[in-house]
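Shown next, in structure tokens, is the structure this report addresses.
Position 1 is the first residue of the sequence; numbering continues from there. Order of appearance sets the numbers: ligands from 1, and atoms from 1 within every ligand.
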Amino acid sequence: MAPHHRCRIPSYLATAAALLLAFLLPPLAASQWQNCGKNGNFTTNSPYQANIRALSSTLPKNASSSRTLFAFATVGTVPDIVYALALCRGDANASACGNCVSNGFKDAQQLCPYGKDAAVYYDLCYVAFSNQNILSATGGGNR
Ligand SMILES: *[C@@H]1O[C@H](CO)[C@@H](O)[C@H](O)[C@H]1NC(C)=O
Ligand SMILES: *[C@@H]1O[C@H](CO)[C@@H](O)[C@H](O)[C@H]1NC(C)=O
Ligand SMILES: *[C@@H]1O[C@H](CO)[C@@H](O)[C@H](O)[C@H]1NC(C)=O
């Protein structure tokens, strides 16, 4: 890999492009699958959990109202910083996109209980949060 060659392209664009490509692939039989990261757990009522909650209340709206149906946000500070991103399929309408992202936050927390790092994929959208910058060129997507 030649990471230096990627410097001209903002890493979030590279990630968004990769995600968009993923949506162009034939859908799997299952309409949902998840990826629970290995970055440890948070505890009930922790600042980390509060930060996920804050993101889950604003990111669905931000993604669905974005022209690209994509939203990225960071809440909190280290060690409770949470990075989150949401992306809807290009043909999703705003309400379906918002609902999908909103459910994504719920499902991710159920499928990866107390996981600091989780991602859920659906036919219609993709939702991920992490304590690591999931849009950084060096760490993006590596779990
Ligand atoms: C995190 O929580 C999950 C589910 O409760 C548990 O299976 C796992 O062992 C925990 N991991 C750590 C690092 O504590
Ligand atoms: C959502 O969008 C608003 C308005 O642009 C912005 O102030 C806010 O920080 C965003 N929040 C998230 C979680 O994306
Ligand atoms: C939005 O898309 C969903 C799912 O594809 C569909 O059920 C719904 O009727 C659509 N709503 C509008 C307002 O187009």
Side-chain angles (χ1 to χ4, degrees), residues 1 3 6-143:
M1 300 311 197
R6 303 179 63 179
C7 291
R8 281 171 49 236
I9 303 171
S11 60
Y12 69 89
L13 282 182
T15 303
L19 291 171
L20 284 168
L21 277 177
F23 277 110
L24 296 177
L25 299 171
L28 298 180
S31 61
Q32 174 203 303
W33 77 107
Q34 75 276 2
N35 186 352
C36 300
K38 299 186 180 74
N39 293 348
N41 290 347
F42 60 84
T43 54
T44 307
N45 297 328
S46 60
Y48 198 92
Q49 187 178 45
N51 290 340
I52 292 177
R53 201 165 288 153
L55 286 161
S56 71
S57 70
T58 50
L59 214 57
K61 189 156 178 272
N62 284 21
S64 61
S65 60
S66 146
R67 213 161 39 85
T68 52
L69 297 177
F70 172 77
F72 174 70
T74 305
V75 169
T77 53
V78 176
D80 298 308
I81 190 166
V82 185
Y83 301 86
L85 72 82
L87 175 68
C88 293
R89 211 172 64 192
D91 61 350
N93 63 47
S95 66
C97 174
N99 287 337
C100 186
V101 172
S102 185
N103 286 330
F105 274 99
K106 285 180 202 136
D107 288 347
Q109 290 173 88
Q110 269 168 20
L111 295 163
C112 309
Y114 298 106
K116 284 190 173 178
D117 184 299
V120 198
Y121 309 74
Y122 306 90
D123 284 344
L124 210 59
C125 75
Y126 169 81
V127 178
F129 58 79
S130 177
N131 62 340
Q132 304 289 317
N133 188 348
I134 38 187
L135 285 193
S136 80
T138 48
N142 296 332
R143 285 153 198 275

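Looking only at protein heavy atoms, the nearest one to atom 5 (O) of ligand 2 is N62 ND2, 4.8 Å. Scanning the protein heavy atoms around atom 4 (C) of ligand 1, the nearest turns out to be P113 O, 3.9 Å. Residue, atom and distance of the protein heavy atom nearest to atom 11 (N) of ligand 1 are N41 ND2, 2.9 Å.
Considering CG of L59 and OG of S102, their distance stands at 10.5 Å, rounded to 0.5 Å. A distance of 8.5 Å separates OH of Y83 from CG of N131, quoted to the nearest 0.5 Å.
Below 30°, between 30° and 60°, or above 60°: for Y114 and F42 the angle between ring planes is above 60°, a perpendicular geometry.
Residue A73 has at least one heavy-atom neighbour below 4.0 Å for each of these atoms of ligand 2: 12 (C), 13 (C), 14 (O). The distance from ligand 2 to the heavy atoms of T58 drops below 4.0 Å at these ligand atoms: 11 (N), 12 (C), 13 (C). Residue L59 has at least one heavy-atom neighbour below 4.0 Å for each of these atoms of ligand 2: 13 (C), 14 (O).
For atom 9 (O) of ligand 1, no protein heavy-atom neighbour is found at a distance under 4.0 Å. Distances from atom 14 (O) of ligand 2 to the protein include at least one heavy-atom value under 4.0 Å.
The one candidate from L85, V101, V120 that meets the side-chain contact (heavy atoms from CB on, under 4.5 Å) condition with Y126 is L85.
Under 3.5 Å, the side chains of Y122 and D107 contain a donor-acceptor pair of N or O atoms. Defined by atom type and a distance below 3.5 Å, a donor-acceptor pair is missing between the side-chain atoms of N51 and D80.
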Q) So T44 and Q49, side-chain contact (heavy atoms from CB on, under 4.5 Å) or not? Walk me through it. A) CA-CA 7 Å; T44 307; Q49 187 178 45; 4.1 Å; yes

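Nearest-heavy-atom check against atom 2 (O) of ligand 3 across N93, D91, N99, D123 picks out N93.
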